[in-house]
Amino acid sequence: MSITEERRAAVIGTPMLRREDPALLTGEAKFTNDIPIPGALYLGVLRSPYAHAKILSVDVSAAMAFPGVVAAYGGADLTALWAAPMPCAWPVTADMKNPPHYPVAVDKACYAGDAVAVVLANDDRVAHDALELIDVRYEALPAVIDLEEALSDRVVIHAGAGTNKAYTWDLKCESHEGAVDEAFAAATHHVKERYIQQRLLPMFMEPRACAAVPQPFGGDMTLYSSTQIPHILKVMTALTLGIPEQQMRVVAPAVGGGFGGKLNVYAEELLCVALSRKLGVPVRWNEERAENAMSTIHGRGQIQDIELAADADGKLTAVRVRLIADMGAYLQLVTPGVPLLGAFLYAGVYDLPVAYDFSCTSVFTTMTPTDAYRGAGRPEATYAIERAMDSLAAKLGIDPLELRKRNFIRKDQYPYTAFSGLTYDSGDHLAAAEKAAELVGYEALRAQQATQNVDAGTKRLGIGVSSYFEMCGLAPSRVLASLNYSAGGWEAATVRILATNKIQVVTGATPHGQGHVTSWSMIVADKLGVAPEDVDVLHSDTAISPLGLDTYGSRSLVVGGVAIAMACDRVIDKARKIAAHQLEAAPEDLDFIDGTFSVKGSPDRATPLAAIAFAAFTAHDLPEGVEPNLEAHVTYDPPNFSWPFGTHICVVEVDTETGHVDILKYVAVDDCGVQINPMIVDGQVHGGVVQGLAQALYEVASYDENGNLRNGSLAEYLVPAASDVPSVTTGHTVTPSPTNLLGVKGIGEAGTIGAAPAVINAVVDALSGLGVTDMMMPASPMTVWNTIKAAQAGSTTGGK
Amino acid sequence: MQISVTVNGTTHESDVEPRTLLVHYVRENLGLTGTNIGCDTSSCGACTLHLDGEAVKSCTVLAVQADGQRVDTIESLAIDGVLHPMQQAFMENHGLQCGYCTPGMVMASIGLLNENPNPTEQQVRLGLEGNLCRCTGYHNIVKSVLACAKGAHS
Ligand code: FES
Ligand code: FES
């Protein structure tokens with residue numbers, strides 16, 4: 001039998017079942033609020049019922065007298081605990097306004113949900129009951145909920161800033177000065193549209209929870225938190241509370257979803273740590289869903305004005321974008337950076353000359369702070385360009401898919417230097433689009449549509465196409481520096497071969513549903529020739545994994561996973577030296593195949609990795625200069641973003657009498673390069689698509705004119721249920737990324753990025769015969785019906 | 001108030017406050033934290049368990065209402081280290097990601113098949129309407145339940 005025949009099959013690329021699942025399926029996994037902490041006090045947080053109010057006085061005496069209450073404080077009682085204001089890590093411009101804010105407001109509440117007082121009690125329910133006894137006197141001030149009204153500065157929210165404008169950030173890319181204006185002047189076709197990105201609530205299923213456990217005499221502090229970012233949280237907690245960083249440990253136990261909503265440093269985390277430090281006892285907090293809706297960050301919240309210039313064939317010649325972004329009441333961890341993450345994507349996957357003019361003005365309002373939510377800036381950008389492309393197609397009178405094909409960056413143009421100077425790594429947009437069209441049966445559907453959407457028809461068929469880029473894998477540290485982000489984008493990995501040839505891997509990525517343990521085991525199994533079950537993956541505890549930048553922006557695999565592969569290579573290099581010593585050969589003369597070193601050309605002279613691992617452990621006979629043990633640590637800073645892409649096609653039937661949208665078929669063709677585990681990839685796409693579709697059809701954080709959230713519960717905020725959504729047909733093309741060792745790209749946000757425009761394009765397409773040219777999100781039956789009526793009455797405002 | 005409840009086969013005599021919800025009772029008094037809490041409006045289904053063999057949202061039931069009855073939680077399903085067929089189906093079909101909705105989803109799915117052993121895809125979707133999942137988009141949850149139903153018949 002030859003060596004090739006003996007080789008064990010690769011694990012990478014197989015739909016290996018998840019190693020995480022048994023613990024989660026049996027209730028064995030511990031989420032933060034499952035962890036017993038004897039003697040812990042429970043934190044209750046009183047929140048402002050006003051969107052905007054002066055705090056005149058806070059009286060906690062009645063709460064203090066309530067049986068079971070240990071302490072109660074207003075904001076003014078706690079100011080000595082804060083070494084610095086709540087952190088914002090992304091000062092996008094030098095003159096950005098960042099009004100200082102603290103875990104508990106002192107003089108003023110700036111959104112409904114802003115913390116104004118706290119209670120500590122020996123029981124969670126007692127803490128909540130006691131909150132009702134706190135007497136806070138307010139002087140209500142006008143709410144500011146309209147972005148353009150906010151920009152007028154008629155009511156200035158933060159007096160110290162003097163304006164509601166947080167910043168203006170521009171990205172103007174021109175081949176020569178005036179190129180954009182010239183292109184618009186010369187354009188045969190000109191599209192000018194306004195789109196609204198409604199506010200969304202992340203609504204991960206596990207509400208936030210945290211627990212601080214002090215060691216009053218030892219000096220150390222442990223924070224358990226349902227967070228995506230234990231590493232960043234450790235640094236920020238240390239800075240914000242003046243705790244020496246080496247004494248701070250953060251653990252993220254099992255985390256029940258995040259989607260960006262747990263990518264933050266929250267008041268309650270800081271309160272638990274600060275109060276447990278102050279009192280010398282553990283303090284814990286469990287978020288209620290109603291609090292979650294008010295006090296966890298919101299997503300989206302933008303007004304987008306986009307203009308396209310195109311030639312007679314519909315080839316794009318310039319793009320101009322003016323954005324107003326809703327920051328909410330304060331800047332949270334990466335609030336101001338979210339629009340910037342989309343700033344590079346308003347030309348989508350199209351070959352645009354260097355004629356791009358983007359400007360974003362961000363504004364404070366008296367609503368919950370916004371921040372990253374699945375896709376963060378990129379779904380918004382993709383929505384705008386993909387909706388505008390459909391408008392352009394309508395102007396030209398050509399099929400929207402055909403217009404996209406005319407504009408796609410061609411495969412032979414890769415690696416492609418974009419108008420912005422960024423290099424797109426690899427892509428084949430035409431192949432993905434053609435595959436999606438084939439899977440959905442595009443031609444046949446268009447034919448059916450022509451016969452179905454006749455004048456009197458009330459069930460109208462619509463087909464919506466959306467082609468997207470994900471731009472993910474945050475990120476090359478130097479690029480982040482150029483965007484003024486305060487941290488890097490590297491990721492750390494350690495691979496350790498234990499004495500018994502079992503493998504321990506430490507990752508700085510922090511899973512909360514993505515299956516890192518499974519995928520990382522698969523990478524290591526193939527690299528080292530071991531079984532995936534022989535690999536243990538340690539994560540999410542800064543005492544075990546001291547270095548890391550955590551999980552968001554579809555970065556885990558393309559940065560953290562690649563770091564694992566690199567660490568494996570380094571371990572193999574070291575093992576090779578020991579093997580060469582044992583086999584009396586030169587290191588470069590050894591093959592390493594399926595976990596065995598052998599001398600090239602004489603396969604009998606071989607030694608398994610297990611023997612090398614044990615030799616490295618005993619250290620009895622190591623070559624000169626080689627240290628004991630087999631372990632390697634890698635910190636990997638990616639040279640580029642990764643650029644996953646794809647085309648989604650949604651088919652809907654709209655009932656013009658009820659406004660109901662029925663999704664008949666949803667096809668998603670995504671290209672995320674090499675797939676480590678296709679089962680997990682598909683799962684990410686399914687979940688992402690439904691989140692995007694939810695924005696299109698169901699979800700909006702709805703505020704009344706007083707700045708109160710009207711639908712802050714899962715009974716009123718329409719997170720779709722199984723009966724509200726279709727199955728998703730997935731397809732893939734595979735264009736490996738040339739910039740990393742594994743050829744991988746991200747996939748976590750792709751579905752969300754592609755979905756909303758595909759759905760709305762389909763709805764508008766269904767109704768175009770009735771004069772409808774746009775549709776507000778969410779396209780609820782009421783909105784659809786109103787839009788049809790307005791179109792028939794001669795106005796085509798899309799429900800705006 | 002004094003109650004006697006048989007939870008996962010063991011009878012517990014407990015003293016509970018009248019306002020204690022069943023979900024808090026199993027989580028806090030008995031330490032069975034597999035049953036999760038995801039909302040305060042009986043909307044999410046994360047707290048689903050079986051009360052006398054029927055899937056219920058345990059945040060809608062008072063502990064005292066379970067007096068004299070049988071409660072089964074997610075912790076009761078796997079026996080001697082072997083997953084229940086529904087748990088196995090979720091694992092094989094990638095019916096979970098973060099796993100927070102999962103205990104409730106599995107208990108609700110078992111309840112669904114008890115009532116309708118051979119559901120269509122649409123019946124599964126409607127039957128799980130009261131259980132929210134933010135991760136999976138439901139595609140693989142539905143697949144898991146259908147696979148489990150099919151497995152039971154083959
Ligand atoms: S906790 Fe949400 S339904 Fe019971
Ligand atoms: S798996 Fe995360 S909520 Fe369902």
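Numbers restart at 1 for each chain; the letters A, B, ... are given by sequence-line order, proteins then strands. Hydrogens, waters and symmetry mates play no part in the numbers below; they use all other heavy atoms, side chains included.
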Exercise. In terms of heavy-atom proximity below 4.5 Å to chain A, should B:Thr102 be classed as side chain, backbone, both, or neither?
Worked result: side chain
Exercise. Looking only at atom types and distance, does a side-chain atom of B:Tyr138 sit under 3.5 Å from a main-chain N or O of A:Pro720, one as donor and one as acceptor?
Worked result: yes
Exercise. By a 4.5 Å heavy-atom criterion (distance strictly below it), what part of A:Asn33 contacts chain B: side chain, backbone, both, or neither?
Worked result: both
Problem set entry | Contact summary for B:Cys98 and A:Gly257, nearest pair of heavy atoms | CB-N, 3.4 Å
For this session: Using modelled atom types only, decide if a donor and an acceptor are shared between the side chain of B:Arg125 and the backbone of A:Val725 within a distance under 3.5 Å.
Result: yes
Exercise. Closest heavy-atom contact between A:Leu714 and B:Leu132?
Worked result: CD2-CD1, 4.0 Å
For this session: Please work out whether the ring planes of A:His686 and B:His139 are parallel, tilted or perpendicular, with thresholds of 30° and 60°.
Result: parallel
Exercise. Regarding A:Ser727 and B:Glu121, is there a side-chain donor-to-acceptor distance under 3.5 Å anywhere?
Worked result: yes
Seminar exercise, completed: Of B:Leu83, B:Thr41, B:Leu77, the largest count of non-hydrogen pairs under 4.5 angstrom with chain A goes to B:Thr41
For this session: Please test A:Arg125 against B:Arg19 for side-chain contact (heavy atoms from CB on, under 4.5 Å), starting from the C-alpha separation and ending with a verdict.
Result: CA-CA 11 Å; A:Arg125 269 141 343 247; B:Arg19 70 166 173 171; 3.7 Å; yes
Exercise. Does B:Asp40 reach the main-chain N or O of A:Glu288 with its side chain, forming a donor-acceptor pair under 3.5 Å?
Worked result: no
Seminar exercise, completed: Heaviest contributor of heavy-atom pairs below 4.5 Å to chain B, chosen from A:Ala715, A:Ala290, A:Ala721, is A:Ala721
For this session: Report the option among A:Asp34, A:Ile35, A:Val719, A:Val690 that has the most heavy-atom pairs separated by less than 4.5 Å from atoms of chain B.
Result: A:Asp34
Exercise. Looking only at atom types and distance, does a side-chain atom of B:Arg134 sit under 3.5 Å from a main-chain N or O of A:Pro202, one as donor and one as acceptor?
Worked result: yes
For this session: Tell me, for A:Ala29 versus chain B, whether the close heavy atoms (under 4.5 Å) come from the side chain, the backbone, both or neither.
Result: neither
Exercise. B:Cys44 and A:Met205: which non-hydrogen atoms are nearest, and at how many Å?
Worked result: CB-SD, 4.3 Å
Exercise. A:Met203, A:Lys30, A:Gln684: which one forms the most heavy-atom pairs within less than 4.5 Å of chain B?
Worked result: A:Met203
Exercise. Can any side-chain N or O of B:Gln87 pair as donor or acceptor with the backbone N or O of A:Leu25 at less than 3.5 Å?
Worked result: yes
Exercise. Which heavy atom of A:Leu24 sits nearest a heavy atom of B:Leu96, and at what distance?
Worked result: CB-CD1, 3.7 Å
For this session: Please state whether the side chain, the backbone, both or neither of A:Pro36 comes within less than 4.5 Å of a heavy atom of chain B.
Result: neither
For this session: Counting only heavy atoms closer than 4.5 Å, note whether A:Ile680 contacts chain B via side chain, backbone, both or neither.
Result: both
For this session: Might you point out which heavy atoms bring B:Cys135 and A:Phe259 nearest each other, and give the distance in Å?
Result: SG-CZ, 3.7 Å
Problem set entry | Under 4.5 Å from a heavy atom of chain A, the part of B:Ile37 involved | backbone
Exercise. If we only count heavy atoms from C-beta on, is the A:Phe31 to B:Asn36 side-chain gap below 4.5 Å?
Worked result: yes
Exercise. Between the side chain of A:Arg18 and the main-chain N/O of B:Gln97, is any donor-acceptor distance below 3.5 Å?
Worked result: yes
Problem set entry | Distance, nearest 0.5 Å, that separates CD of A:Glu20 from CE of B:Met91 | 9.0 Å
For this session: Heavy-atom distances under 4.5 Å only: say whether B:His84 touches chain A with side chain, backbone, both or neither.
Result: neither
For this session: Can you measure from NE2 (B:His94) to OG1 (A:Thr518) and round to the nearest 0.5 angstrom?
Result: 9.0 Å
Exercise. Hey, is CD on B:Glu54 packed in by over 12 heavy atoms from elsewhere, all under 6.0 Å?
Worked result: no
Problem set entry | CG-CG distance between B:Asn140 and A:Asp682, expressed to the nearest 0.5 angstrom | 7.5 Å
Exercise. Given the options A:Ala694, A:Gly687, A:Ser713, which has more heavy-atom pairs under 4.5 Å with chain B than any of the others?
Worked result: A:Gly687
Seminar exercise, completed: Bottom line for A:Val689: the part with an atom under 4.5 Å from chain B's heavy atoms is neither
For this session: Measure distances from B:Glu28 to the heavy atoms of chain A and classify the residue's part below 4.5 Å as side chain, backbone, both or neither.
Result: side chain
Exercise. Between A:Glu716 and chain B, which part of the residue has a heavy atom less than 4.5 Å away: side chain, backbone, both or neither?
Worked result: neither
Seminar exercise, completed: Counting heavy-atom pairs under 4.5 angstrom with chain A, the leader among B:Thr35, B:Thr136, B:Val124 is B:Thr136
Seminar exercise, completed: Applying a strict 4.5 Å limit to non-hydrogen atoms, the region of B:Ala78 in contact with chain A is side chain
